[in-house]
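What follows is a short report on a single structure.
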Amino acid sequence: MSIKNLPLHAGRLGTALCVSVECKTDPETGVVKTDRDGVPVWTVGVAVRPDARRAALMEVAVSGEPEGIQPGIYVDLVEPEAFMWEMNGRSGLSFRAAKVLPAASPILTPPSVKPAADAAAAPKAGAK
């Protein structure tokens, strides 16, 4: 007996940060992939850090364009699951969710980086 679909406990994935959102297309033809009902499938790249361990990147498939999702925001995965696949002699593990929703956390902004000219002009610590 083989298990194909493995439900995931969303709370154990830890903090989930969206890093990309794109419509899933066939790499050879460019045709948009759809689910059984003809709804376009989107891929949401999510960085997770389960139980404060090493971070991992998951590409999560979801039917329909996720609303309000953009890189840099925390997200919640609704009914996430992993599933085994096999095709043309290859196999792997993929992820999907019923929905990807914005979490209550604010949008993250990258730290400001001073241009090299400004950094050179800044006084050095301990200088008089």
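- No side-chain heavy atom of Ser20 sits under 4.5 Å from any side-chain heavy atom of Val44.
- In terms of the side-chain contact (heavy atoms from CB on, under 4.5 Å) criterion, Asn88 has no residue partners (sequence neighbours excluded).
- For residues 87-102, the set of pairs meeting the salt bridge (Lys or Arg N to Asp or Glu O under 4.0 Å) definition, not counting sequence neighbours, comprises Glu81-Arg96.
- In this structure, CH2 on Trp85 lies 6.5 Å from OG on Ser94, to the nearest 0.5 angstrom.
- For Thr43, there are no side-chain hydrogen bond (donor to acceptor under 3.5 Å, both in side chains) partners, not counting sequence neighbours.
- Counting heavy atoms from C-beta on, the side chains of Leu93 and Phe83 never come closer than 4.5 Å.
- Residues in residues 13-29 take part in no salt bridge (Lys or Arg N to Asp or Glu O under 4.0 Å) pair, two or more places apart or across chains.
- Heavy-atom minimum distance, Cys18 versus Val21: SG-CG2, 3.6 Å.
- Taking all atoms of both residues into account, the shortest heavy-atom contact from Val32 to Cys23 is CG1-SG, 3.5 Å.
- In this structure, Leu101 and Val75 have side chains that are not in contact, with every pair of non-hydrogen atoms separated by 4.5 Å or more.
- Here the closest heavy-atom approach between residue Val19 and residue Val46 is recorded as CG2-N, 4.1 Å.
- Across all non-hydrogen atoms, the minimal contact from Ala47 to Leu57 is N-CD1, 4.0 Å.
- Legend: residues meeting side-chain hydrogen bond (donor to acceptor under 3.5 Å, both in side chains) with Thr25, ordered by chain and number and at least two apart, are absent.
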Identify every side-chain donor-acceptor pair in residues 60-69 under 3.5 Å, counting partners at least two apart or on other chains, and give the distances.
unit_1: Ser63; atom_1: OG; unit_2: Asp35; atom_2: OD2; d: 2.8

